[in-house]
Asks: 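Sending over a structure as structure tokens; questions will come in a sec.
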Amino acid sequence: MKFYWIVILGIGIVSEACAQITDPKATKVWEPEPRVVKVGNSNSAAPSDAISLFDGTNMDAWQHEDGSPVNWKLEDGMMTVVDGAGGIFTKEAFGDCQLHIEWRAPIVIEGEGQDRGNSGVFLQNKYEVQILDSYQNRTYSNGQAGSIYKQHIPLVNAMRPPEEWQTYDIIFQAPKFNADGIKVASGYLTVLHNGVLIQNHAEIKGTTEDIGLPKNPAHGDGPIQLQDHSNPVSYRNIWIRKL
Ligand code: MG
């Protein structure tokens, strides 16, 4: 008998809870109101709250690893890797972010596989989204353009031919570490290549390693790195929004 009373009471509580929401206003949330950003004329243009990292006029937001000025070629509104000059790093360190980057593989097609139009964009100087001329250029799938290098194969190959510009729109969620230096939350990467989703909230396994398995050292914010992999890959219109 007691059991039935509990059931009836339970049904009563549930139905009362449901009955309470009869007004559509009860589930409307007004605060906080998203702030207004002024958007550009295209999805490639920086919105008003973005930090410009390269607008074609100078390379002042960047430096080499030793802090020296960038020794890449700046011409025609783009900057191009100079073989041997080394990678370039943003002077500012970043954590969670949305990064827009436009790149172009060398027009003169040279080399095969990993030796054709190789560069890379490293988030926090540790996690590489591969840049490679993967237009009709087979290599290992977890090393082609748009791969999270040696960790995640891109969902599709969205390459344009090498004479055309490519866009990456990258959403990066940084991994988190506790006070003891233990990773307590993985990082994630979502990437659109030329507007096509190629990495969908992919879990970062750790640092990008060419040899061996990813590592998970504790770290905070870090610079964005563009890699010098000896090939003259060009860049233009780079901007970032902190999240
Ligand atoms: Mg690379």
Side-chain angles (χ1 to χ4, degrees), residues 43-44 54 72 78-83 86-89 97-175 186-216 224-238 240:
N43 289 345
S44 289
F54 181 64
W72 287 12
M78 58 184 160
M79 56 180 179
T80 302
V81 175
V82 171
D83 183 13
I88 63 173
F89 303 74
C97 64
Q98 173 187 353
L99 176 66
H100 174 88
I101 193 157
E102 298 178 22
W103 59 276
R104 197 182 69 184
I107 294 172
V108 178
I109 297 173
E110 284 180 334
E112 303 228 330
Q114 293 289 309
D115 295 324
R116 185 184 299 180
N118 195 335
S119 182
V121 50
F122 285 73
L123 286 302
Q124 295 188 316
N125 195 24
K126 288 182 171 56
Y127 313 111
E128 182 184 18
V129 177
Q130 173 70 308
I131 285 177
L132 191 77
D133 181 0
S134 286
Y135 186 79
Q136 299 174 354
N137 177 38
R138 188 81 175 105
T139 185
Y140 42 96
S141 301
N142 64 354
Q144 71 181 65
S147 63
I148 299 169
Y149 189 73
K150 289 198 170 169
Q151 296 188 23
H152 291 282
I153 297 167
L155 298 171
V156 292
N157 180 340
M159 281 294 295
R160 293 179 173 135
E163 67 271 18
E164 294 183 25
W165 285 88
Q166 322 274 341
T167 65
Y168 275 174
D169 288 283
I170 297 170
I171 294 116
F172 172 65
Q173 190 177 317
S186 291
Y188 290 90
L189 275 161
T190 296
V191 182
L192 288 93
H193 182 185
N194 297 325
V196 177
L197 184 70
I198 58 164
Q199 297 287 353
N200 186 8
H201 198 62
E203 184 175 8
I204 299 167
K205 296 169 184 169
T207 53
T208 298
E209 304 291 339
D210 194 33
I211 301 169
L213 298 175
K215 299 180 176 69
N216 285 281
I224 310 284
Q225 184 205 160
L226 300 180
Q227 186 184 43
D228 168 9
H229 203 286
S230 301
N231 303 144
V233 173
S234 299
Y235 290 93
R236 70 177 186 188
N237 191 25
I238 305 172
I240 192 167

Asks: If a pair satisfies salt bridge (Lys or Arg N to Asp or Glu O under 4.0 Å) and one of its residues is in residues 110-129, list it, with sequence neighbours excluded.
Replies: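 Checked against salt bridge (Lys or Arg N to Asp or Glu O under 4.0 Å) - neighbours excluded - no pair reaches residues 110-129.
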Asks: Using salt bridge (charged side-chain N to carboxylate O under 4.0 Å, His left out) as the criterion, list what pairs up with R104, not counting sequence neighbours.
Replies: none
Asks: Would you indicate whether the side-chain heavy atoms of H100 and L192 approach each other to under 4.5 Å?
Replies: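 No, side chains not in contact.
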Asks: Side chain to side chain donor-acceptor pair (under 3.5 Å) with T207: which residues, sequence neighbours excluded?
Replies: E209
Asks: Can you classify the ring geometry of Y188 versus H201 as parallel (below 30°), tilted (30 to 60°) or perpendicular (above 60°)?
Replies: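 Aromatic pair Y188/H201 classed parallel.
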Asks: A side-chain contact here means heavy atoms from C-beta on lying under 4.5 Å apart; do E102 and S44 qualify?
Replies: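 Side chain of E102 against side chain of S44, heavy atoms only: contact under 4.5 Å found.
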Asks: Looking at L213, I'd like to know if its CG atom is crowded, meaning that more than 12 non-hydrogen atoms belonging to other residues, nucleotides or ligands lie closer than 6.0 Å.
Replies: no
Asks: Quick one: list whatever passes ring-ring contact (aromatic ring centres under 6.0 Å, His included) with H229, sequence neighbours left out.
Replies: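 If we apply the ring-ring contact (aromatic ring centres under 6.0 Å, His included) test to H229, skipping adjacent residues, there are no hits.
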Asks: Ignoring hydrogens and angles, tell me if any N or O in the side chain of Q166 forms a donor-acceptor pair with the backbone of A105 under 3.5 Å.
Replies: no
Asks: Sequence neighbours left out, what passes side chain to side chain donor-acceptor pair (under 3.5 Å) with D210? Give chain and number order.
Replies: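 Side chain to side chain donor-acceptor pair (under 3.5 Å) check on D210 returns Y149, K150.
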Asks: May I have the step-by-step check of side-chain contact (heavy atoms from CB on, under 4.5 Å) for V191 and D169, ending in yes or no?
Replies: CA-CA 6 Å; V191 182; D169 288 283; over 6 Å; no
Asks: Could you list the residues that satisfy salt bridge (charged side-chain N to carboxylate O under 4.0 Å, His left out) with E203, not counting sequence neighbours?
Replies: none
Asks: Counting distance only, does the side-chain N/O of D228 pair as donor-acceptor with the main-chain N or O of D83 below 3.5 Å?
Replies: no
Asks: Mind checking whether N137 and Y135 have side chains closer than 4.5 Å, heavy atoms only?
Replies: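 Contact flag for N137/Y135 side chains = no.
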Asks: Could you tell me the separation between the CD1 atom of I131 and the CD1 atom of I101, rounded to the nearest 0.5 Å?
Replies: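 It is 5.5 Å, given to the nearest 0.5 Å.
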Asks: Counting only heavy atoms not in N43 (residues, nucleotides, ligands), do more than 12 fall under 6.0 Å from its CG?
Replies: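 No.
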